[in-house]
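Convention: sequence-line order gives letters A, B, ...; per-chain numbering from 1.
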Number of protein chains: 2
Amino acid sequence: MRPWFARSDDRRKGQRVAATLADVARRAGVSAATVSRVLNDNYPVAPATRQRVLRAVQELEYVINGNARALAASTSDLIGVLVNDVADPFFGLIASGVQSETGGDKLAVVCNTTGAPDRELNYLTLLQRQRAAGVVLSGSAIEEPEHIHAVTERLRRLAAAGTRIVLCGRPPLPGLAGGGDDAKVATLAFANRDGARELTEHLLALGHRRIGYVAGPADRTTTRHRLEGHRAALAARGMGAGSGRLIAHCAYDRASGRRATLALLDAEPGLTAIAAANDTMALGVCAALRERGLRIPDDVSVTGFDDLPFSADAFPGLTTVRLPLYQAGALAGRLLMGHESPPPDGLVTIPAEVVRRDSTAPPRRP
Amino acid sequence: MRPWFARSDDRRKGQRVAATLADVARRAGVSAATVSRVLNDNYPVAPATRQRVLRAVQELEYVINGNARALAASTSDLIGVLVNDVADPFFGLIASGVQSETGGDKLAVVCNTTGAPDRELNYLTLLQRQRAAGVVLSGSAIEEPEHIHAVTERLRRLAAAGTRIVLCGRPPLPGLAGGGDDAKVATLAFANRDGARELTEHLLALGHRRIGYVAGPADRTTTRHRLEGHRAALAARGMGAGSGRLIAHCAYDRASGRRATLALLDAEPGLTAIAAANDTMALGVCAALRERGLRIPDDVSVTGFDDLPFSADAFPGLTTVRLPLYQAGALAGRLLMGHESPPPDGLVTIPAEVVRRDSTAPPRRP
DNA sequence: CCAGGGAAAGAAAGCGCTTTCTACCCTCGG
DNA sequence: CCGAGGGTAGAAAGCGCTTTCTTTCCCTGG
């Protein structure tokens with residue numbers, strides 16, 4: 001079956017399809033070197049010559065071959081952005097932020113890892129193949145020594161080859177120093193612990209004492225940090241970290257949040273508040289509560305995390321923690337472009353801020 | 001000021017940083033040709049030799065240079081995905097769908113055009129530079145003959161160079177035929193007109209007669225099609241296309257939807273329903289209604305379009321039209337990869353389906 | 001025992017650029 | 001009037017691969 005598109009073979013056989021530098025040079029009556037210099041504007045060229053070259057470029061509709069250029073100059077126009085899934089607004093916002101700062105010159109390659117370690121490594125290899133100019137790694141890391149080691153090694157090699165690296169919303173990688181003369185990797189850390197702590201403090205201040213927590217997958221750093229913040233707030237009040245029965249781990253999605261909430265409710269019917277580890281799960285929490293005939297916040301208060309755009313329009317408006325994701329992505333982009341420098345230790349903390357809406361209220365007196 | 005990352009100059013001066021094919025060949029005691037053959041598995045190589053080569057690859061941590069390869073073989077691992085903004089779930093879903101089908105071999109370059117014609121053209125040039133294997137254009141097109149012509153020309157050249165092209169949620173480009181032997185471009189068209197018509201029919205069936213419409217920017221095809229569907233439904237009932245005062249054009253975002261609604265309400269206080277041209281605007285519509293103390297759907301019914309994930313959790317659950325965006329993206333991906341063929345005319349219609357939730361109800365009897 | 005043939009490997013010519021090094025011309029100052 | 005030197009342009013050597021064309025070698029059949 002003949003494919004519906006032109007095969008590359010078709011092209012190779014036939015006459016040249018795109019003009020080359022040499023074609024332009026010939027037409028302009030100059031050498032290839034001169035054309036290259038006009039195009040890159042990195043060497044003096046007489047105005048008249050320049051004009052002739054530019055005209056030839058126009059006439060031949062010449063478009064430079066990026067691969068040849070990258071090969072000869074050992075540079076690259078590619079920036080890799082590793083995310084769990086672009087369709088998730090959390091990552092979409094980061095990716096969009098990166099784009100906003102790199103879009104003019106560079107092409108952003110967005111890679112959906114689905115959070116899988118092997119896909120992550122695989123994409124890093126593909127990016128290394130293309131000799132990417134930079135890579136942004138987002139998405140919470142799996143806390144598995146083996147995988148962390150593998151990623152560290154891959155990044156070390158990328159960095160050695162000149163690829164700039166920014167970790168966005170990930171813990172710093174020990175061994176890949178941040179600052180000093182051999183600085184390689186910048187890290188943007190979200191204030192997950194602080195944000196979670198303040199959020200739970202808010203709940204405690206309202207008077208809640210039996211608070212359920214719907215956490216993310218147990219093996220992720222982000223999960224752990226947010227949970228630690230939650231526990232810290234409880235501990236500060238002298239409350240035990242909460243019996244394990246108040247905490248349910250599950251995937252970072254809505255359906256899982258719903259299921260986890262139903263389980264939590266069965267185990268602890270007396271809950272007056274449930275904190276979810278992110279906004280998406282929080283929607284599932286709300287759905288589950290409604291199914292059980294519980295009103296929000298009258299019967300049970302709910303909180304999320306991230307403050308994704310939809311959270312303000314959810315019902316009720318979700319009390320959550322705002323993370324400036326777009327701005328973080330933009331910062332990552334600027335760092336990659338060299339438009340900005342990270343502090344000596346390479347570590348930037350992205351602040352988190354509690355946003356109070358209508359999903360939290362004091363508990364009803366029993 | 002010395003940049004925080006290793007400069008590419010640093011690299012060029014110093015000793016070679018990455019192993020090359022020749023290094024591998026030397027170490028394995030074979031010729032470069034043989035290494036290439038092992039790596040590409042496109043020519044018989046004796047098992048023993050193969051083993052030696054693979055070992056050398058391991059030992060040297062060799063990673064092929066994608067640019068050199070692309071240059072020599074005139075192939076490419078890049079797929080371009082043009083979207084207005086990845087942070088918008090509408091486009092995020094499409095991009096994610098494309099990725100799902102291309103991710104293994106290809107790298108998806110996501111380009112945020114913000115809907116601006118010049119950025120669109122600029123990105124097409126950048127992709128042409130990289131000799132991209134394929135391009136997906138999404139995002140509603142500006143209906144400006146000049147721009148359409150410019151895009152058509154750019155695409156024609158891309159196609160001529162072997163780049164496969166899929167238009168996703170855009171009108172077909174006259175002149176870039178879809179099928180037959182010289183097929184170049186496949187088009188995935190969303191059933192915007194039908195979806196909008198059915199949605200308005202739903203409103204009419206409920207008994208609404210004074211229906212406001214918050215449309216997108218007037219110069220977009222998508223805007224026009226959805227509006228046409230709306231009007232067609234009205235016309236079928238013998239209702240005038242609605243006085244212009246029932247229709248407000250604005251940007252496809254929440255804030256604009258809110259403002260437009262306030263204006264509509266001022267002009268026509270008797271509205272019993274408002275249809276928004278997409279879900280995001282619909283959220284703005286809801287916000288505006290609430291500000292005015294109107295209840296949804298008791299006082300005014302509201303509809304959206306697209307059925308983005310958040311629509312089910314909005315308050316009240318949004319009646320809207322579902323567009324299988326992820327699936328459309330995936331189809332685009334399969335088309336690009338040659339895993340699937342478009343019909344002879346190159347045109348695939350992606351069906352739309354009304355989803356009834358809680359934001360629509362019969363109007364109160366006045 | 002030798003011609004013939006197939007399998008496996010190598011040599012080498014590019015692919016389309018960048019960049020160093022060299023060549024040239026023209027203008028000055030002595 | 002001549003040599004120095006600044007300003008332009010060109011020649012050519014790669015960059016790291018792929019692929020065609022040869023060559024080599026060994027096995028088979030007559």
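Phosphate proximity of C/dC17 to A/Ser36: absent, as no side-chain N or O sits under 4.0 Å from OP1 or OP2. Residue A/Thr49 places at least one side-chain N or O under 4.0 Å from the OP1 or OP2 atom of D/dA9. Dashed line: the shortest gap from a side-chain N or O of A/Ser31 to OP1 or OP2 of D/dG10 is under 4.0 Å.
Rounded to whole Å, atom C1' of C/dG10 lies 13 Å from atom CZ of B/Arg52. Protein atom CZ of A/Arg37 is 12 Å distant from nucleotide atom P of D/dT8, rounded to whole Å. Distance A/Arg26 CZ to C/dC17 P: 12 Å, rounded to the nearest Å. Separating the CG atom of A/Asp41 from the P atom of C/dT19 is a distance of 13 Å, rounded to the nearest angstrom. Between the CG atom of A/Asp77 and the C1' atom of C/dT18 there is a distance of 14 Å, given to the nearest Å. One atom, CG of B/Asn42, and another, C1' of D/dT20, lie 13 Å apart when rounded to the nearest Å. Atom CG of B/Leu39 and atom P of D/dT19 are 13 Å apart (whole Å). Spacing between atom CG of B/Asn40 and atom P of D/dT20 amounts to 13 Å, rounded to whole angstrom units.
Ion pairing between B/Arg170 and B/Glu120 holds under the 4.0 Å rule for side-chain N and carboxylate O.
In this structure, B/Ala46 reaches the sugar-phosphate backbone alone: every heavy-atom distance under 4.0 Å involves primed, P, OP1 or OP2 atoms, never a base. Across all strands shown, B/Thr34 has heavy atoms under 4.0 Å from sugar-phosphate atoms exclusively, and none from any base. At the heavy-atom level, B/Asn67 lies nowhere under 4.0 Å from the strands shown.
The side chain of B/Leu71 lies closest to C/dC15, out of C/dT18, D/dG10, C/dC15. With C/dG10, C/dC15, C/dT18 as the candidates, the nucleotide lying closest to the side chain of B/Ala72 is C/dC15. Of the listed nucleotides (D/dG16, D/dT18, C/dT18), D/dG16 has the atom at the smallest distance from the side chain of B/Thr20. Here the side chain of A/Asn65 is nearest to one of D/dC17, C/dG16, C/dG10, namely C/dG16.
In this model, no donor atom of one side chain and acceptor atom of the other lie less than 3.5 Å apart for A/Asn112 and B/Ser100.
Proximity of B/Val110 to B/Val98: side-chain heavy atoms (C-beta onward) are nowhere separated by under 4.5 Å.
Judged purely by atom type and a 3.5 angstrom limit, A/Ser138 uses its side chain to pair as donor or acceptor with the backbone of A/Leu82.
Remark: the A/Tyr43 side chain and the D/dA9 base include a donor-acceptor N/O pair separated by less than 3.5 Å. The base of D/dG16 has none of its N or O atoms less than 3.5 Å from a complementary donor or acceptor on the side chain of A/Arg131.
Contact record, A/Leu188 with A/Ala328: CD1-O, 3.4 Å, taken as the closest heavy-atom pair.
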